[in-house]
Structures are given as structure tokens and as C-alpha cells.
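All remarks here apply to the structure that follows.
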Amino acid sequence: MTVSSPLDAPDAAPRRNKRWWRIPLWILLGVVVLEVLINVALNVGVVQAIMRRGTDRTQLSWQRAWWLWPVGRLHLKGFTLTNQDTERWWKVEVDALTAGMSLTGLLRKRVDVHGIDGHGATFHLEPSPAPEEEPSDPNARPWVINLEDVTLHGVRELDFSRVRFVGALDVNGALNLQSRERLQVDLPSVRVAEGFMEVDGKRVARLEALSASARLDAPFQGEQGYDLSQAIGGQAQVKVDLLPLDWVNDLLGPSAPVSLRGGSGRLDLDVRMQRNTLEPGSRLEARGAELDLRAGPMRARAPWSLKASMDEERPGQPAGQLHIAFAPVKVSGPKGNGVEVPEVALTVLARRREGQPGFDLEPELNVAKSRPLDLRLLNPWLEQTLEIDSGHVTVRSEERSKRAKARKALELRMDTDLVSGSMGKHKVLLRAEVEVDARHLSWDMKELGLAGTTLRLSNVSSNGPVPIRAWSGTFSLPRASLTLSPTVLSARFSSQLTDTQPLVALITSSKRLPAFLTSLLNIPKVEVTGQVQIDERGLQVRELKAKGDSFSLEGHLDLVQGNITGALLTTLGPVTGGIELRPGDNGLHLVNAKQWFAGQQAPPFR
């Protein structure tokens, strides 16, 4: 039997004490190892790869990261958040940010980040359909990205493909994205001290100040992606200095017949929106310096103003209105002479549709009566058809009472006094009135659509071989367009004429027809249709057709300085004859007239 010495008993306690000290050391070592593993995982792409497999078209990434877990904050450099749906792609980039983050949330497929403080950010959005993907596992649990209490300082760029903001913008907000379920963005504060708006790389406006709040709530709609049709709400107050509109010319291209100069101004905007719909209280006011518009040989100059508002709904009152005015408007031709219109204004009233979304729009055009314009400025374009010796035209909108029909609210009228001119060696007198239905105006930067225009001629007289005496007629133009460079008027016309005096005068302008034939051709109550084109080289008529009592006519003709060429097939009762139109003489074809006319193919329009 061995008996321990008295000294062995005290040694046991120190050894037990030494074992208790090892526990904190192992805990500290475990924390250090875990800290190392977390930071390695953050920097070698492990976390991004895990999340990428579960978030489909949404990705989080960063260049560098460190995290003193669990007491410190997460630090990220080169942070990027991207999203792709079926129609658009967007990306947020932040140079540097710090945030508090839940590590346990990652185990539940949640990215819970709070207290984000970022510096130096950009946002890019562009149309870009998503590539086809393999169907995801419907039973897989989607990731949730929840960013709370986000503050971004110095957002230097918002790029919406062709439109871009550059400057310094501060944003506070939050984001909640549930993959393939819902996207929510709440921005209670967006502020800009100063910045610039650009279109295709050209600066168009300077933001003097911007204060806004916004919210986006977009549910996921399967293959259509996140539905933004009713997702946006918020309010914004903006003060903008508009730069000259010369930048528009780069968009139009060097060959465009239209150019803009000047027009710089100021814009104040207070907009309120709910579910993508403007709310009462929204206001816009803008005005600018003289805008110089050149269209072909014509030039128009005018200062401009714009007002728009959305008001509280009242019975019988419009919910909103827009008013844009140009005053005064100075229009000039290639030789500098022109006309001044005191004001051209367009007012649009918006009324909510009963029981349906959207608005019914009621536009009204107001053109104050212009000063008389000397029509001789048209001679460089019109002289081959009708060279004007004297005459003036005034421009105005249709005056109407409160009970007048709505279409009168968009009619533009041009009236002349007695115009004197020459068609070759023959003198012509006439008055003209043009009504343009602005509802059908169209514009594609190459031509102006004038469908629905009406031309009225009165007091038409001529001293040709068959004189015209006080004739009048009305022509409807169901299709019409004015090309500006070169200047060409093309139209399809129809008319109910009281008689055919002008037609007979044209046919007999070179050589008199037999007296009995001339009188027979003067037919009352004739319907006339065809296509016409007028350019600097004269007038052309194609598909000309006329019908009356026991009378019909078809053919084509060209008119240049009073000289007429072409071919007509005319039927008077039982007699059908062909008329060959040529300078200095007209030929009659009474035998096999239809066969002769079939061989007279109309040349195409120039």
C-alpha cells in the first residue's frame, strides 16, 4: 500500500485550476476561427454563390468585405445589387457601406441587413429581356432580401438607359425583395442639392433642387416578372433650369427637315402619385425664352409657357387641365417676310371616366387672328402652278360658343382676301378658305399629316379660252400630308361641284374645243375624286374621276406654268371620246377611245 505524501494533495487543485483556464482559451480560439471563416467566406465568393443559387434573377455581390462578428458592423467595398426580369435589367452599385447584419438569417435564406450607411452610389436601368432559364424547383424556398434603414450619401448617377442624372443625391429608404413573390422599395427621403439631367449624353437641364419621397410595391406575375403597372406612389418637388433645346437636333439627325434653337427656361414641379395615377394637388409651371423652330423653308419663333394641374374632383368640373401657349408667334418664309400671330394656345381638360380607369381628354385650340401674311412668299414653291401677284392670308382658330360641337374646338382656319395670280399667260382671281382639323394632325419629323382638311374656293374667275366666272367649290382631303424638305403637298381629294367650269377651262387652255363640245362638258352637280401633288415643279393629278348626270370622266394631268399635259377619257350620254392634253394643242380620239386611253399610262408622281 502506497501512501501519498502530504505534498501531493495541494498539487491537485492547481491542476484543476489550469483546466478551467483552458475553456475560455478554447472559446476565444473558436471565435477567432469562426471570424476567420466568416471573413474568408465573404471574400472568396462562397456567400454570393449560395445566394445566387436561390435568388434566380436577383444577385448580391461585393469586391471586399470584413466583419468583426458579432459585435462589429459588416463593411463592404464595391457592393452591387442586380435584378433581371422579362423586360428590364437594373443594378445598384455602392463604393463603400457599413451595416448591421444577422448571421443566423442566412441559415434561413434571409438577408437581414439594417442601419446601412453607404457612400458613392450609382443606379443603372435599361430594357433587356432576361435569357431563358431552366425552370426552378417549385418546392424550393426562395431567398428574402430585407434592407432596413438605408442611407446612401453622394449618389452620383441615376442612369435610365437614354436619360441620366449626374450630380449629388442623398437617399434614405428600405428594400424588401422576396424572390419571385414581391419587390418593395420605400424611399421616405430623396434630396438633390444640385445636379444635371442628360439625354443621350447631352445635358438638357440643371436641377436646382429636388425633394421627394416614393414607394414601389410590385407583385411578381410569373413570366411577366414584377408588375409595375400600379406599383408606384409618392411625391416630388422639383425646381429645374431648362437648357436651350439645341440638343434635340442631335436626336433628329443632320438630315431632319426640322431644327430647334433656344427655348431655355425654368420649370417648377410638384407631383403627387398613387398607384401610378396623378393625385389632386399636382402642379407644373414652366416658361421659356424664344424658341426658334425651322421646318423646311419656314421659320417660327415664339416664347413659350406651360401650366398643368390636377384638382380635387367636383361635379361637372374637370379633374385636371394642361395649358401650353406660344405668344407671340412670328412665322417667316425663305425671303424673311412673314406673319405674326398674337398667341397660339392649346388647352386640354381631363375628366375621369365613370366606372373606368383613366381620363377622357377634351382639347381646345386657340389661335388669335394673325396679321395679314403676304402670299407672295409662297411663289418659290407655288409659282409653277399659280404665280401670285397679290393677296394676303390670315390665320385663326374657329370661334365657337359654349354650345358648339366639340370638333370646332380643334379647327384651324386660314382665310385669304381676293388673290390675284397667273397660270401661264392667263390671269386668275380667287378667294380661299382652309379648315384644318387638328384632331387628325400627325408629325413624324419628315412630314406633317393634314388628314381631314377642307379647302373652299370662291369667286374663282379666269380669262382663259373658256372664261370662268364666279365659280366656287369645296374639296375634302381625307388624306393629306406636307413634306417639308423638299416642300411637297400630297393629298387625296373628293368634292361635290356645282359645275365643271375649271375642268373645261383646263382642257381648253391650249386650244378651243368645238363650241358644242365645250358647252356639253360644262356639267352641273358633279362628284370629283383623285390624288394631287404640288411641288416646286408644278401640279400633278392622278386617278382623276368625275361623275354626273349621263357624264363620266377619268384620267390624269400635269400643270406647269399654264401648260397642261395628260390624257382623259370622257363619256357624254352614249358618246365616249379621248382627249389628249399637250402644250399648244389638244387631240380628240372618238374612234376606239377606250383602247387609246388604255395605252396612256399615267406617269408616277415625281
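For this chain, numbers begin at 1 and follow the sequence in order.
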Between T347 and H323, is any side-chain donor less than 3.5 angstrom from a side-chain acceptor? yes
Does R287 CZ have over 12 foreign heavy atoms under 6.0 Å away? no
Using modelled atom types and a 3.5 Å cut-off, is there a donor and acceptor pairing between side-chain atoms of D170 and backbone atoms of G154? yes
Please check if any side-chain donor atom of N172 sits under 3.5 Å from a side-chain acceptor atom of T151, or the reverse. yes
Rounded to the nearest 0.5 Å, what separation is found between the CG atom of L81 and the CD atom of E93? 10.5 Å
Within the 4.5 Å heavy-atom criterion, are I232 and M273 side-chain neighbours or not? yes
For D200, all residues meeting side-chain contact (heavy atoms from CB on, under 4.5 Å), sequence neighbours excluded: R162, L251
Pair D95-K77, salt bridge (charged side-chain N to carboxylate O under 4.0 Å, His left out): steps then yes or no: CA-CA 6 Å; D95 294 343; K77 293 285 187 180; over 6 Å; no
With sequence neighbours left out, write down each residue that passes side-chain contact (heavy atoms from CB on, under 4.5 Å) with P244, or none if nothing qualifies. D246, S264
Do L412 and V395 come close enough that some side-chain heavy atom pair is under 4.5 Å? yes
How many angstroms lie between atom CG of L489 and atom CG of L482, to the nearest 0.5 angstrom? 6.0 Å
Do D227 and F220 come within less than 4.5 Å of each other through their side chains, counting heavy atoms only? no
Partners passing side-chain contact (heavy atoms from CB on, under 4.5 Å) against R275 (at least two apart in sequence or in another chain): Q230
Side-chain heavy atoms of V436 within contact of L450, under 4.5 Å: yes
Counting only heavy atoms not in R156, do more than 12 sit closer than 6.0 Å to its CZ atom? yes
Using a strict threshold of under 4.0 Å (side-chain N to carboxylate O), is an ion pair present between R266 and E208? yes
Can you check whether E362's main-chain N or O pairs, donor with acceptor, with R351's side chain at less than 3.5 Å? no
Are any side-chain N or O atoms of W89 and backbone N or O atoms of L125, one a donor and one an acceptor, separated by less than 3.5 Å? no
Are any of the side-chain nitrogens in E198 or R203 under 4.0 Å away from the carboxylate oxygens of its partner? yes
Has R283 got a side-chain atom pairing as donor or acceptor with L269's backbone, closer than 3.5 angstrom? no
Which residue is it: K330, R261, R299? I am looking for the one with a side-chain hydrogen bond (donor to acceptor under 3.5 Å, both in side chains) to D292. R299
Measure the CE-CG distance between M310 and D270 for me, rounded to the nearest 0.5 Å. 12.5 Å
For R215 and G233, indicate whether the former's side chain and the latter's backbone hold a donor-acceptor pair under 3.5 Å. no
With sequence neighbours excluded, what pairs up with H114 under the ring pair (Phe, Tyr, Trp, His ring centres under 6.0 Å) test? none
Would you say the side-chain atoms of E364 and N366 include a donor-acceptor pair closer than 3.5 Å? no
Full working for salt bridge (charged side-chain N to carboxylate O under 4.0 Å, His left out) between E279 and R272: CA-CA 5 Å; E279 291 291 295; R272 306 172 189 193; over 6 Å; no
If only atom types and distance count, is the side chain of N249 paired as donor or acceptor with the main-chain N or O of L260 below 3.5 Å? yes
Run the side-chain contact (heavy atoms from CB on, under 4.5 Å) test against Q178 and tell me which residues pass, sequence neighbours left out. V144, N176, E181
Without swapping roles, check the side chain of S161 against the backbone of E126 for a donor-acceptor pair under 3.5 Å. no
Using the side chain to side chain contact (heavy atoms under 4.5 Å, CB included) rule, take N146 and E148 through it: C-alpha gap first, then chi angles, then the decisive distance, then the call. CA-CA 6 Å; N146 187 36; E148 295 181 351; 3.1 Å; yes
Greater than 12 external heavy atoms within 6.0 Å of E343's CD: yes
Just wondering, do D535 and R606 contact through their side chains at under 4.5 Å, heavy atoms? yes
Give me each pair satisfying ring-ring contact (aromatic ring centres under 6.0 Å, His included) with a member in residues 156-209, each pair once, sequence neighbours excluded. F123-F160
